[in-house]
Amino acid sequence: MMTYIWWSLPLTLVVFFAARRLAARFKMPLLNPLLVAMVVIIPILLVTNTPYDHYFQGSKVLNDLLQPAVVALAFPLYEQLHQIRARWKSIITICFIGSLVAMTSGAAIALLMGATPQIAASVLPKSVTTPIAMAVGGSIGGIPAISAVCVIFVGILGAVFGHTLLNTMHIHTKSARGLAMGTASHALGTARCAELDYQEGAFGSLALVICGIITSLVAPFLFPVILAVFG
C-alpha cells in the first residue's frame with residue numbers, strides 16, 4: 001500500500017485558496033493560483049524531504065476530481081451551441097491552423113536549438129491537455145513524462161500571460177480570446193478564461209477538444225516533415 005502524508009490535502013487547499021484571494025485582490029498575472037501553489041508547495045516538500053508519491057497519494061482526491069471537472073466544461077459549451085453552429089467553419093479552421101502552429105513551432109525550435117528527435121517529439125504536443133500529449137508524444141517516439149512537463153509549463157505561461165498579451169494586441173472579442181487560449185494553453189488557459197468570462201470559457205473548452213483531436217490525428221504525419229525540414 002502506498003504511503004501518504006495526512007497534511008498534503010489541507011496544505012494544497014489552503015495554499016490554493018490563499019493564492020486565489022491574492023490574485024483577486026491584487027489583479028497581478030504572476031499571482032496565478034497554480035503557479036503560486038507550485039512555488040510554495042515544492043520548497044516545502046524539498047525541506048521536509050517528502051517524496052512526491054507520498055504527497056500525491058495524500059491529495060489524490062483532487063486528481064480524481066480532474067476528470068469530472070473537465071467534463072463539466074461541456075455545460076458552458078452547450079449553452080453557446082447556437083453560436084458554434086453559426087461559426088463552425090471558422091472555428092474548425094482556426095483550431096486547425098492553431099494546432100499546426102503549436103506543433104510545428106515547438107518541435108522546430110527544439111531541433112534548431114540542438115535537441116534530439118526524441119526530445120522534439122516530446123515537445124511537439126505541448127499545447128494539448130496532458131493525457132493526449134503523453135499519448136501523442138509516446139506514439140511519435142517522444143518521452144511521455146517530458147510531454148507532460150511541457151504541457152504544464154505552457155499551460156502556466158498561457159494562464160499567467162495570455163490575457164495580458166491579448167489585451168496588448170487589442171483582441172477583445174470573447175470567442176476569439178477563448179479560442180486562442182484553449183488552442184495555445186489547453187485546460188489551464190481554459191480554466192483562466194472561465195474565471196474571467198463565461199463565454200470565453202465556453203470557446204476555450206471547444207478549442208481544447210478540437211485541438212486535442214486534430215493533434216492526435218495530424219502529429220504522426222507532421223513530425224516526419226518537421227524532422228526532414230529542421231532536423
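Position 1 is the first residue of the sequence; numbering continues from there.
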[X] to [Y] - nearest heavy-atom pair and separation:
| X | Y | value |
| --- | --- | --- |
| A133 | V151 | CB-CG2, 3.3 Å |
| L9 | G58 | CB-O, 3.6 Å |
| P117 | L227 | CB-CD2, 3.9 Å |
| P125 | G137 | CG-N, 3.9 Å |
| L179 | C95 | CD2-SG, 4.3 Å |
| M181 | G162 | SD-CA, 3.8 Å |

Evaluate the side-chain proximity of [Y] to [X]: yes if any heavy-atom separation is below 4.5 Å, no if none is.
| X | Y | result |
| --- | --- | --- |
| L166 | H172 | no |
| S8 | K60 | no |
| W7 | L11 | yes |
| F16 | V36 | no |

If you round to the nearest 0.5 Å, how far is [atom2] of [Y] from [atom1] of [X]?
| X | Y | atom1 | atom2 | result |
| --- | --- | --- | --- | --- |
| F153 | I146 | CZ | CD1 | 14.5 Å |
| Y55 | I42 | OH | CD1 | 9.0 Å |
| M169 | T164 | CE | OG1 | 13.0 Å |
| I94 | C211 | CD1 | SG | 10.0 Å |
| T104 | F223 | OG1 | CZ | 11.0 Å |
| R177 | D197 | CZ | CG | 8.5 Å |

Using modelled atom types and a 3.5 Å cut-off, is there a donor and acceptor pairing between side-chain atoms of [X] and backbone atoms of [Y]?
| X | Y | result |
| --- | --- | --- |
| T129 | H186 | no |
| R192 | V160 | no |
| K126 | S147 | no |
| S122 | G142 | no |
| T190 | G204 | yes |
| T183 | A180 | no |
| S127 | S185 | no |

> Going through the distances and angles, do T50 and T48 end up as a side chain to side chain donor-acceptor pair (under 3.5 Å)?
Replying inline: CA-CA 5 Å; T50 302; T48 59; 2.7 Å; yes

With a 4.5 Å cut-off on side-chain heavy-atom distances among I, L, V, M, F, W and Y, is there a chain of contacts connecting [X] to [Y]?
| X | Y | value |
| --- | --- | --- |
| V229 | L111 | yes |
| W6 | V15 | yes |
| V149 | L45 | no |
| L188 | V39 | yes |
| I214 | I140 | yes |

> In terms of side-chain geometry, is the basic nitrogen of K174 or E200 positioned less than 4.0 Å from the acidic oxygen of its partner?
Replying inline: no

>> Applying side chain to side chain contact (heavy atoms under 4.5 Å, CB included) to F96 and V218, what does each step give before you reach the verdict?
In response: CA-CA 10 Å; F96 183 77; V218 174; 4.2 Å; yes

> side chain to side chain contact (heavy atoms under 4.5 Å, CB included) between L62 and L13: does it pass, once the steps are laid out?
Replying inline: CA-CA 9 Å; L62 297 177; L13 293 176; 4.1 Å; yes

>> So, applying side-chain contact (heavy atoms from CB on, under 4.5 Å) with V136, which one of S216, P144, P131 is it?
In response: S216

